[in-house]
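Both counts, for ligands and for their atoms, begin at 1 and track the order of listing.
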Amino acid sequence: MTLYMKVAQEFEGQIRTGALQPGERLPSVRSLSRNRKISASTVLQAYMTLEARGLIEARPQSGYYACATRAAVCTPLKMPDLGIKHGPVKTPDIIANMRKAGRDSGFFQLGCAHMDSQLYPVKRLSRLLAKAARENPEHIGQMDFPPGNIRLRRQIARRYSELGCSATADDIILTSGCNEALMLALRAGTKAGDTVLVESPTYFNALEVIHSLGLKTVEVPSDPATGLDLGAVREAFERFPIRAGVVIPNFGNPTGALMPDENKRELVKIFKEHQAWLIEDDIFGELPFSQKRPKPLRFFDSKGVVITCSSFSKTVGPGLRVGWIFPAGLHDEIESAKYLLNGGVPLITTELVADFLESGSYERYLRGVRQELATQVARISEAILRAFPEGTEISRPQGGFVVWVKLPKGLSSVDLYRKAVDAKINISPGVIFSASGRFENYIRISCGSWSDAIARAISKLGGLLK
Ligand SMILES: Cc1ncc(COP(=O)(O)O)c(C=O)c1O
């Protein structure tokens with residue numbers, strides 16, 4: 001991508017996500033050129049590109065100003081208070097069909113929260129992999145028992161320390177992805193019949209794991225901007241014997257919500273008071289559009305109630321299956337459970353990720369991909385608002401790459417899902433994000449890919465809804 005396109009894309013992301021508000025002035029050509037050490041003609045070319053796209057306007061003798069986009073000016077999504085709901089998890093059959101469609105390359109993939117494979121650092125990784133296999137072929141033939149590769153655990157610990165969390169390599173066990181980490185945390189921290197607090201809506205695989213372990217959930221309302229309703233969390237603890245909670249504090253799935261720091265602190269305090277495990281899924285934490293990495297819940301935990309689960313599946317690549325867990329007080333149980341499950345994580349892939357992180361390429365890569373995702377989320381949000389019927393509302397995530405869409409009253413996302421399958425479009429209907437079949441008039445759309453074909457698929461969905 002040329003330099004002027006990069007500059008244009010950066011401002012496009014800011015305008016579409018509302019970071020630059022309609023009517024706000026962009027930096028002058030001269031100041032941007034001076035601050036960035038780029039030529040004035042590069043800045044001018046970037047601004048002209050944005051002007052041609054209708055995103056900014058030139059005002060004589062005054063400068064360039066951001067214009068209003070639909071996504072930036074629409075009313076932010078508000079959800080009705082559905083209250084607290086306790087019971088076993090219902091797992092709809094649709095999930096299995098969605099996974100099947102997710103594997104079918106003939107489908108437009110707006111359902112699974114995966115990025116376009118070209119957005120992952122695949123070229124750099126393939127070079128590192130070839131080098132690693134050439135220099136250390138014996139790694140292919142070696143087991144690496146839990147807790148796993150020390151070089152990678154050091155790198156992960158270093159990143160948490162930089163965020164202000166106390167973390168050493170010894171605190172970490174490597175896993176085969178984040179789902180496995182969630183499974184291990186729940187298995188060690190609960191027993192069948194226990195109750196687990198979840199956000200409503202929440203990530204459907206977490207609900208499936210809870211179901212598979214014979215656990216019950218208490219669904220607690222979660223705001224699409226700020227996450228869990230803390231008053232409702234307190235009420236849930238008063239009414240039910242909660243043993244653990246599963247929370248996605250940073251750019252939650254499906255809404256993209258980001259919990260403010262004071263809410264994170266309070267949430268940790270509540271769980272500590274009730275001596276319940278707080279399992280955080282921080283898989284999207286590295287993908288803030290602002291470039292400011294939000295704090296994980298463990299930053300606010302001095303008593304060891306937070307169990308942090310995450311992986312490189314949304315950053316380095318889901319195919320590597322490399323994740324991790326900070327098991328808090330459950331280290332030994334989780335380490336032996338991980339061994340019993342599948343022996344450990346392959347050395348060849350963990351060495352590869354360690355090489356990538358040690359080379360310093362990860363940080364540079366993250367800066368680029370965050371910007372790219374901000375633009376994709378904004379473009380897809382815009383396309384949805386243009387194509388879907390009047391009355392559609394959409395969440396405005398500040399990171400990650402999923403949006404939560406509320407359809408106008410009376411429309412069913414399950415009906416839409418079925419019609420979309422016939423049109424070879426895969427979407428995630430809202431009901432799968434609830435343990436009790438809530439959110440029939442919501443869908444989650446993945447913004448992991450953008451192309452003209454994706455834009456047409458969104459128009460098609462709009463046509464089906466209308
Ligand atoms: C919130 C969340 N947690 C966990 C996962 C699964 O991660 P992994 O592929 O590392 O198991 C996903 C994948 O979509 C996710 O969205």
Side-chain angles (χ1 to χ4, degrees), residues 95 98-99 101-103 109-117 119-120 148 152 156 172-187 196 198-212 222 224 227-228 245-259 278-288 294 296-297 307-326 334 338 341-342 345-346 349-350 352-353 373 377 395 397 399-404 426-428 430 432-435 443-449:
I95 297 177
M98 263 180 57
R99 283 203 186 105
R103 285 196 302 268
Q109 298 298 348
L110 295 169
C112 302
H114 291 165
M115 291 196 304
D116 187 328
S117 58
L119 281 184
Y120 294 105
L152 181 56
I156 296 169
I172 297 168
I173 297 171
L174 299 184
T175 62
S176 304
C178 185
N179 271 352
E180 185 179 273
L182 291 172
M183 166 77 89
L184 289 167
L186 281 163
R187 257 172 55 171
V196 178
V198 294
E199 296 167 276
S200 185
T202 196
Y203 171 50
F204 62 90
N205 272 168
L207 293 173
E208 286 189 296
V209 172
I210 289 170
H211 173 74
S212 73
S222 183
L228 264 180
V246 178
V247 177
I248 310 171
N250 297 323
F251 318 123
N253 184 353
T255 62
L258 172 63
M259 281 186 92
L278 178 51
I279 302 167
E280 75 168 320
D281 175 343
D282 194 28
I283 197 166
F284 288 105
E286 295 275 28
L287 296 174
L297 291 173
I307 300 176
T308 300
C309 301
S310 193
S311 78
F312 291 105
S313 297
K314 307 295 176 197
T315 50
V316 184
L320 297 171
R321 310 307 305 141
V322 178
W324 63 91
I325 184 166
F326 279 86
I334 289 183
K338 167 63 188 161
L341 203 57
N342 46 27
V345 184
T349 46
T350 55
L352 171 64
V353 182
L373 291 174
V377 166
S395 65
F401 53 90
V402 292
V403 288
W404 184 234
N426 198 18
I427 58 166
S428 303
I432 67 171
F433 299 95
S434 163
I443 50 174
R444 186 197 69 182
I445 295 279
S446 167
C447 308
S449 306

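- With values rounded to the nearest 0.5 angstrom, Met183 atom CE is found 4.0 Å from Ser212 atom OG.
- Remark: aromatic rings of Phe251 and Phe401 are distant, center separation not under 6.0 Å.
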Sub-3.5 Å pairs, protein N or O with ligand 1 N or O:
from, atom 1, to, atom 2, distance (Å)
ligand 1, 3 (N), Asp281, OD2, 2.5
ligand 1, 9 (O), Ser313, OG, 3.2
ligand 1, 9 (O), Arg321, NH1, 3.0
ligand 1, 9 (O), Arg321, NH2, 3.3
ligand 1, 10 (O), Cys178, N, 2.7
ligand 1, 10 (O), Ser311, OG, 2.7
ligand 1, 10 (O), Ser313, OG, 2.6
ligand 1, 11 (O), Cys178, N, 3.1
ligand 1, 11 (O), Asn179, N, 2.9
ligand 1, 11 (O), Arg321, NH2, 2.9
ligand 1, 14 (O), Lys314, NZ, 2.6
ligand 1, 16 (O), Asn253, ND2, 2.8

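- Lys338 has a carboxylate O that lies under 4.0 Å from a charged side-chain N of Glu180, or vice versa, which qualifies the two as a salt bridge.
- Distance CD1/Ile283 to OG/Ser311: 3.5 Å, rounded to 0.5 Å.
- Side-chain atoms of Thr308 do not come within 3.5 Å of backbone N or O of Ile325 as any donor-acceptor pair.
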Can you check side-chain contact (heavy atoms from CB on, under 4.5 Å) on Cys309 and Leu182, steps first, answer last? CA-CA 6 Å; Cys309 301; Leu182 291 172; 4.0 Å; yes

